[in-house]
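Data block below; observations after.
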Amino acid sequence: MKKLLALTAVAVATLTAQTAQAEDFPGKDKVITIVVPFAAGGPTDRVARDLAEALRKPLGGVSIVIDNAAGAGSTIGNAKVARARPDGYTLLVTHVGMATTPVLYRKLPYNYETDFEYLGMINDVPMTLIGKPQLEARNFSELRSWITKNSGKVNLGNAGIGSASHLCGLLFQSELKAEMTTVPYKGTAPAIADLLGGQIDILCDQTTNTTSQIEAKKVKAYGVTTMKRLTTPALKDLPTLDESGLKNFQVTIWHGLYAPKGTPAPVLKALNDALKVALKDPEFITKEEGLGAVIVNDKRVEPAEHKKFVMSEVARFGPVIKAAGVYAD
Ligand code: ASP
(Lines give C-alpha, C1' and ligand atoms only; values in the text may rest on other atoms or scores of the structure.)
Protein backbone atom coordinates (compact mmCIF):
# COMPACT_ATOMS: atom_id res chain seq x y z
CA MET A 1 0.00 0.00 0.00
CA LYS A 2 2.83 2.34 1.02
CA LYS A 3 4.59 1.58 -2.23
CA LEU A 4 1.44 2.33 -4.21
CA LEU A 5 1.00 5.69 -2.46
CA ALA A 6 4.64 6.59 -3.16
CA LEU A 7 4.23 5.69 -6.82
CA THR A 8 1.04 7.74 -7.07
CA ALA A 9 2.82 10.70 -5.50
CA VAL A 10 5.62 10.44 -8.07
CA ALA A 11 3.08 10.24 -10.91
CA VAL A 12 1.19 13.28 -9.61
CA ALA A 13 4.43 15.25 -9.17
CA THR A 14 5.53 14.39 -12.73
CA LEU A 15 2.17 15.37 -14.13
CA THR A 16 2.13 18.66 -12.19
CA ALA A 17 5.66 19.49 -13.38
CA GLN A 18 4.68 18.67 -16.97
CA THR A 19 1.53 20.79 -16.78
CA ALA A 20 3.42 23.74 -15.28
CA GLN A 21 6.10 23.39 -17.98
CA ALA A 22 3.42 23.11 -20.68
CA GLU A 23 1.48 26.12 -19.45
CA ASP A 24 4.32 28.54 -19.97
CA PHE A 25 5.45 26.92 -23.25
CA PRO A 26 7.48 28.29 -24.84
CA GLY A 27 9.21 29.68 -21.77
CA LYS A 28 10.80 33.12 -21.76
CA ASP A 29 14.42 33.12 -22.92
CA LYS A 30 14.06 29.56 -24.20
CA VAL A 31 15.18 28.52 -27.67
CA ILE A 32 13.43 26.00 -29.92
CA THR A 33 15.76 23.93 -32.09
CA ILE A 34 14.41 22.57 -35.35
CA VAL A 35 16.56 19.70 -36.54
CA VAL A 36 16.85 19.44 -40.33
CA PRO A 37 18.26 16.07 -41.37
CA PHE A 38 19.83 17.47 -44.57
CA ALA A 39 22.52 20.00 -45.46
CA ALA A 40 22.03 23.75 -45.07
CA GLY A 41 20.88 25.60 -48.18
CA GLY A 42 18.78 22.73 -49.57
CA PRO A 43 15.00 22.42 -49.89
CA THR A 44 14.26 20.84 -46.50
CA ASP A 45 16.49 23.44 -44.86
CA ARG A 46 14.69 26.20 -46.75
CA VAL A 47 11.20 25.12 -45.73
CA ALA A 48 12.36 24.71 -42.11
CA ARG A 49 13.89 28.21 -42.04
CA ASP A 50 10.85 29.82 -43.65
CA LEU A 51 8.53 27.92 -41.32
CA ALA A 52 10.63 28.92 -38.30
CA GLU A 53 10.06 32.55 -39.20
CA ALA A 54 6.32 32.01 -39.56
CA LEU A 55 6.15 30.08 -36.27
CA ARG A 56 7.89 32.73 -34.18
CA LYS A 57 4.93 35.08 -33.87
CA PRO A 58 2.28 32.53 -32.87
CA LEU A 59 4.81 31.15 -30.38
CA GLY A 60 5.17 34.51 -28.65
CA GLY A 61 8.34 35.66 -30.42
CA VAL A 62 10.43 32.70 -29.23
CA SER A 63 13.89 32.23 -30.79
CA ILE A 64 14.08 29.30 -33.19
CA VAL A 65 17.38 27.93 -34.47
CA ILE A 66 18.05 25.34 -37.16
CA ASP A 67 20.37 22.40 -36.51
CA ASN A 68 21.47 20.68 -39.73
CA ALA A 69 22.12 17.12 -38.56
CA ALA A 70 22.69 15.79 -42.06
CA GLY A 71 23.70 12.41 -43.41
CA ALA A 72 22.56 8.84 -44.06
CA GLY A 73 19.49 9.91 -46.01
CA SER A 74 17.98 11.82 -43.02
CA THR A 75 18.26 8.97 -40.52
CA ILE A 76 20.97 10.70 -38.41
CA GLY A 77 18.85 13.80 -37.81
CA ASN A 78 15.69 11.75 -37.26
CA ALA A 79 17.49 9.65 -34.63
CA LYS A 80 18.73 12.81 -32.89
CA VAL A 81 15.15 14.03 -32.44
CA ALA A 82 13.83 10.60 -31.44
CA ARG A 83 16.35 10.66 -28.56
CA ALA A 84 15.90 14.33 -27.61
CA ARG A 85 14.19 15.52 -24.43
CA PRO A 86 10.44 15.52 -25.13
CA ASP A 87 9.78 19.06 -23.92
CA GLY A 88 8.83 20.85 -27.15
CA TYR A 89 12.21 22.56 -27.51
CA THR A 90 13.57 20.08 -30.05
CA LEU A 91 11.54 19.51 -33.20
CA LEU A 92 12.13 17.91 -36.58
CA VAL A 93 11.27 19.10 -40.06
CA THR A 94 11.69 16.33 -42.56
CA HIS A 95 10.06 15.00 -45.69
CA VAL A 96 8.88 11.84 -47.44
CA GLY A 97 12.04 10.20 -46.02
CA MET A 98 9.97 9.58 -42.88
CA ALA A 99 8.05 7.04 -45.01
CA THR A 100 10.79 5.73 -47.33
CA THR A 101 13.61 5.08 -44.85
CA PRO A 102 11.66 2.44 -42.89
CA VAL A 103 11.36 0.47 -46.13
CA LEU A 104 14.92 1.03 -47.31
CA TYR A 105 16.95 0.53 -44.13
CA ARG A 106 17.23 -2.93 -42.68
CA LYS A 107 17.83 -1.39 -39.26
CA LEU A 108 16.93 2.10 -38.13
CA PRO A 109 18.11 3.61 -34.82
CA TYR A 110 14.50 4.69 -34.11
CA ASN A 111 10.96 3.59 -34.73
CA TYR A 112 9.21 5.98 -37.10
CA GLU A 113 5.78 5.02 -35.77
CA THR A 114 6.36 5.07 -32.03
CA ASP A 115 9.31 7.40 -31.36
CA PHE A 116 7.72 10.61 -32.69
CA GLU A 117 4.74 12.82 -32.07
CA TYR A 118 3.38 13.75 -35.48
CA LEU A 119 2.55 17.46 -35.35
CA GLY A 120 1.23 18.04 -38.85
CA MET A 121 2.08 18.39 -42.49
CA ILE A 122 3.53 21.55 -43.99
CA ASN A 123 3.48 21.35 -47.80
CA ASP A 124 3.38 19.27 -50.96
CA VAL A 125 6.32 19.81 -53.29
CA PRO A 126 6.78 18.64 -56.88
CA MET A 127 10.18 17.62 -58.18
CA THR A 128 12.10 18.51 -61.30
CA LEU A 129 14.63 16.61 -63.36
CA ILE A 130 17.63 18.85 -64.00
CA GLY A 131 21.00 18.39 -65.69
CA LYS A 132 24.46 19.93 -65.58
CA PRO A 133 24.86 23.07 -67.73
CA GLN A 134 27.38 21.30 -69.99
CA LEU A 135 24.82 18.73 -71.23
CA GLU A 136 23.98 19.09 -74.90
CA ALA A 137 20.53 17.52 -74.61
CA ARG A 138 17.97 20.31 -75.10
CA ASN A 139 14.89 18.41 -73.97
CA PHE A 140 13.81 15.19 -72.30
CA SER A 141 13.80 13.11 -75.45
CA GLU A 142 17.42 14.12 -76.25
CA LEU A 143 18.39 13.44 -72.64
CA ARG A 144 16.83 9.99 -72.87
CA SER A 145 18.86 9.14 -75.98
CA TRP A 146 22.02 10.45 -74.33
CA ILE A 147 21.38 8.29 -71.23
CA THR A 148 20.77 5.23 -73.42
CA LYS A 149 24.01 5.83 -75.33
CA ASN A 150 25.94 6.33 -72.11
CA SER A 151 24.40 3.48 -70.17
CA GLY A 152 26.33 2.81 -66.96
CA LYS A 153 28.31 6.04 -67.22
CA VAL A 154 25.70 8.60 -66.20
CA ASN A 155 26.15 10.07 -62.71
CA LEU A 156 22.89 10.69 -60.89
CA GLY A 157 23.15 12.67 -57.64
CA ASN A 158 20.96 12.21 -54.59
CA ALA A 159 20.72 13.14 -50.92
CA GLY A 160 21.39 9.62 -49.65
CA ILE A 161 19.37 6.45 -49.40
CA GLY A 162 15.77 7.22 -48.53
CA SER A 163 15.89 10.84 -49.65
CA ALA A 164 13.36 12.32 -52.06
CA SER A 165 15.97 12.60 -54.79
CA HIS A 166 16.86 8.94 -54.25
CA LEU A 167 13.22 7.90 -54.53
CA CYS A 168 12.69 9.97 -57.66
CA GLY A 169 15.97 8.68 -59.13
CA LEU A 170 14.97 5.07 -58.43
CA LEU A 171 11.67 5.50 -60.21
CA PHE A 172 13.38 7.29 -63.09
CA GLN A 173 15.97 4.54 -63.59
CA SER A 174 13.35 1.85 -63.43
CA GLU A 175 11.14 3.65 -65.99
CA LEU A 176 14.08 4.13 -68.34
CA LYS A 177 15.47 0.66 -67.61
CA ALA A 178 18.83 2.36 -67.36
CA GLU A 179 21.70 1.71 -64.98
CA MET A 180 23.27 4.85 -63.55
CA THR A 181 25.94 5.53 -60.99
CA THR A 182 24.30 7.16 -57.99
CA VAL A 183 26.32 9.72 -56.07
CA PRO A 184 25.04 10.38 -52.53
CA TYR A 185 25.37 13.74 -50.76
CA LYS A 186 24.27 15.02 -47.36
CA GLY A 187 21.55 17.02 -49.04
CA THR A 188 20.76 18.42 -52.46
CA ALA A 189 22.42 21.80 -51.76
CA PRO A 190 25.89 20.20 -52.14
CA ALA A 191 24.53 18.02 -54.98
CA ILE A 192 23.44 21.10 -56.96
CA ALA A 193 26.82 22.71 -56.33
CA ASP A 194 28.48 19.66 -57.93
CA LEU A 195 25.93 19.62 -60.76
CA LEU A 196 26.81 23.24 -61.53
CA GLY A 197 30.48 22.24 -61.56
CA GLY A 198 29.76 19.30 -63.88
CA GLN A 199 30.85 16.60 -61.39
CA ILE A 200 27.45 14.93 -61.62
CA ASP A 201 25.20 14.79 -64.70
CA ILE A 202 21.61 14.79 -63.51
CA LEU A 203 19.55 15.23 -60.37
CA CYS A 204 15.91 15.02 -59.40
CA ASP A 205 15.15 17.63 -56.77
CA GLN A 206 12.34 19.61 -55.18
CA THR A 207 11.19 22.73 -57.03
CA THR A 208 11.92 24.64 -53.82
CA ASN A 209 15.61 24.10 -54.60
CA THR A 210 15.64 24.17 -58.38
CA THR A 211 13.30 27.02 -59.37
CA SER A 212 15.86 29.81 -59.03
CA GLN A 213 18.54 27.77 -60.86
CA ILE A 214 16.10 26.98 -63.68
CA GLU A 215 14.94 30.60 -63.88
CA ALA A 216 18.53 31.84 -64.08
CA LYS A 217 19.21 29.13 -66.74
CA LYS A 218 22.15 27.89 -64.68
CA VAL A 219 21.02 24.26 -65.06
CA LYS A 220 19.26 22.33 -67.79
CA ALA A 221 15.62 21.60 -66.93
CA TYR A 222 14.12 18.41 -68.41
CA GLY A 223 10.74 18.05 -66.77
CA VAL A 224 8.49 18.28 -63.79
CA THR A 225 7.17 15.22 -61.93
CA THR A 226 3.49 16.19 -61.80
CA MET A 227 0.75 15.13 -64.19
CA LYS A 228 -0.13 18.76 -64.97
CA ARG A 229 2.31 21.57 -65.71
CA LEU A 230 2.91 23.89 -62.77
CA THR A 231 1.45 27.38 -62.65
CA THR A 232 4.49 28.93 -60.92
CA PRO A 233 5.65 31.59 -63.43
CA ALA A 234 9.26 30.37 -63.53
CA LEU A 235 8.19 26.76 -64.17
CA LYS A 236 5.03 27.04 -66.24
CA ASP A 237 6.78 26.28 -69.56
CA LEU A 238 8.52 23.18 -68.24
CA PRO A 239 6.86 20.06 -69.71
CA THR A 240 5.78 17.25 -67.43
CA LEU A 241 7.76 14.02 -67.72
CA ASP A 242 4.44 12.34 -68.44
CA GLU A 243 3.83 14.46 -71.56
CA SER A 244 7.45 13.85 -72.61
CA GLY A 245 6.83 10.12 -72.78
CA LEU A 246 7.34 8.80 -69.22
CA LYS A 247 3.69 7.89 -68.85
CA ASN A 248 2.25 8.45 -65.36
CA PHE A 249 5.58 9.49 -63.92
CA GLN A 250 4.47 11.28 -60.79
CA VAL A 251 6.43 12.10 -57.63
CA THR A 252 5.18 14.78 -55.28
CA ILE A 253 6.84 14.85 -51.91
CA TRP A 254 5.91 16.62 -48.69
CA HIS A 255 7.36 18.01 -45.49
CA GLY A 256 6.07 17.59 -41.95
CA LEU A 257 6.77 18.72 -38.39
CA TYR A 258 7.53 16.26 -35.58
CA ALA A 259 8.48 16.17 -31.88
CA PRO A 260 9.98 13.41 -29.75
CA LYS A 261 7.51 10.89 -28.32
CA GLY A 262 6.32 11.84 -24.86
CA THR A 263 6.15 15.60 -25.44
CA PRO A 264 3.32 16.76 -23.12
CA ALA A 265 -0.09 17.07 -24.77
CA PRO A 266 -0.53 20.81 -23.98
CA VAL A 267 2.87 21.52 -25.62
CA LEU A 268 1.85 19.51 -28.67
CA LYS A 269 -1.38 21.46 -28.87
CA ALA A 270 0.48 24.79 -28.63
CA LEU A 271 2.84 23.67 -31.41
CA ASN A 272 0.05 22.40 -33.65
CA ASP A 273 -1.95 25.61 -33.10
CA ALA A 274 1.15 27.63 -34.04
CA LEU A 275 1.68 25.45 -37.13
CA LYS A 276 -1.89 26.16 -38.26
CA VAL A 277 -1.31 29.91 -37.89
CA ALA A 278 2.05 29.69 -39.71
CA LEU A 279 0.44 27.85 -42.64
CA LYS A 280 -1.91 30.80 -43.11
CA ASP A 281 0.90 33.39 -42.98
CA PRO A 282 0.71 35.24 -46.33
CA GLU A 283 4.46 35.81 -46.47
CA PHE A 284 5.19 32.11 -45.93
CA ILE A 285 2.56 31.12 -48.51
CA THR A 286 3.96 33.54 -51.11
CA LYS A 287 7.51 32.27 -50.59
CA GLU A 288 6.50 28.62 -50.92
CA GLU A 289 4.17 29.11 -53.88
CA GLY A 290 6.80 31.10 -55.74
CA LEU A 291 8.93 27.96 -55.58
CA GLY A 292 6.26 25.55 -56.80
CA ALA A 293 5.21 24.21 -53.36
CA VAL A 294 1.63 24.02 -52.13
CA ILE A 295 0.95 24.80 -48.48
CA VAL A 296 -1.21 22.20 -46.79
CA ASN A 297 -4.74 23.42 -46.39
CA ASP A 298 -6.56 20.24 -45.44
CA LYS A 299 -6.97 17.74 -42.62
CA ARG A 300 -3.36 16.56 -42.90
CA VAL A 301 -2.42 19.47 -40.68
CA GLU A 302 -4.04 17.51 -37.83
CA PRO A 303 -1.54 15.21 -36.04
CA ALA A 304 -3.60 12.02 -36.37
CA GLU A 305 -4.39 12.67 -40.03
CA HIS A 306 -0.78 13.43 -40.85
CA LYS A 307 0.31 10.21 -39.18
CA LYS A 308 -2.32 8.28 -41.13
CA PHE A 309 -1.08 9.93 -44.32
CA VAL A 310 2.58 9.00 -43.59
CA MET A 311 1.55 5.37 -43.00
CA SER A 312 -0.26 5.39 -46.35
CA GLU A 313 2.93 6.72 -47.96
CA VAL A 314 4.88 3.79 -46.47
CA ALA A 315 2.33 1.47 -48.07
CA ARG A 316 2.51 3.38 -51.39
CA PHE A 317 6.29 3.53 -51.75
CA GLY A 318 7.13 0.21 -50.05
CA PRO A 319 6.35 -2.04 -53.03
CA VAL A 320 8.06 0.34 -55.50
CA ILE A 321 11.24 0.45 -53.44
CA LYS A 322 11.17 -3.29 -52.80
CA ALA A 323 10.80 -3.91 -56.51
CA ALA A 324 13.91 -1.83 -57.14
CA GLY A 325 15.74 -4.13 -54.68
CA VAL A 326 17.75 -1.41 -52.94
CA TYR A 327 18.43 -1.68 -49.25
CA ALA A 328 20.82 -0.07 -46.82
CA ASP A 329 22.17 -1.42 -43.53
N1 ASP B 1 16.12 17.42 -51.56
C2 ASP B 1 16.75 16.50 -50.71
C3 ASP B 1 16.26 15.11 -50.98
O4 ASP B 1 16.51 14.69 -52.04
C5 ASP B 1 16.89 16.79 -49.28
C6 ASP B 1 17.43 18.15 -48.95
O7 ASP B 1 18.58 18.48 -49.15
O8 ASP B 1 16.62 18.87 -48.43
O9 ASP B 1 15.69 14.44 -50.17
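Below, all heavy atoms of this structure are taken into account, side chains as well, without hydrogens, waters or symmetry copies. For ligands, and for the atoms within them, numbers begin at 1 and follow the listed sequence.
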Q) So, Asp201 and Lys132, do they make that salt bridge, N to O below 4.0 Å? A)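 Yes.
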Q) Taking any residue with a non-hydrogen atom under 4.0 angstrom from an atom of ligand 1, which ones do you get? A)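 Ligand 1 is contacted, at a heavy-atom distance under 4.0 Å, by Phe38, Pro43, Thr44, His95, Ala159, Ser163, Ala164, Ser165, Gly187, Thr188, Asp205, Gln206.
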**Q.** Tyr222: partners by ring-ring contact (aromatic ring centres under 6.0 Å, His included), with sequence neighbours left out
**A.**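 For Tyr222 there are no ring-ring contact (aromatic ring centres under 6.0 Å, His included) partners, ignoring immediate neighbours.
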Q.
Would you call the rings of His306 and Trp254 parallel, tilted or perpendicular, taking 30° and 60° as the class edges?
A.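 The rings of His306 and Trp254 stand perpendicular, inter-plane angle above 60°.
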(Q) Restricting to non-hydrogen atoms, name the atom on Cys168 and the atom on Phe249 that form the minimum distance, rounded to 0.1 Å. (A)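 So the two residues come closest at O-CZ, 3.9 Å.
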Q) Around atom NZ of Lys220, are there more than 12 heavy atoms of other residues, nucleotides or ligands at under 6.0 Å? A)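 More than 12 heavy atoms, drawn from other residues, nucleotides or ligands, come within 6.0 Å of this atom.
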(Q) In the structure I gave you, are the side-chain heavy atoms of Leu119 and Tyr258 within less than 4.5 Å of one another anywhere? (A)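 Leu119 vs Tyr258: side chains apart.
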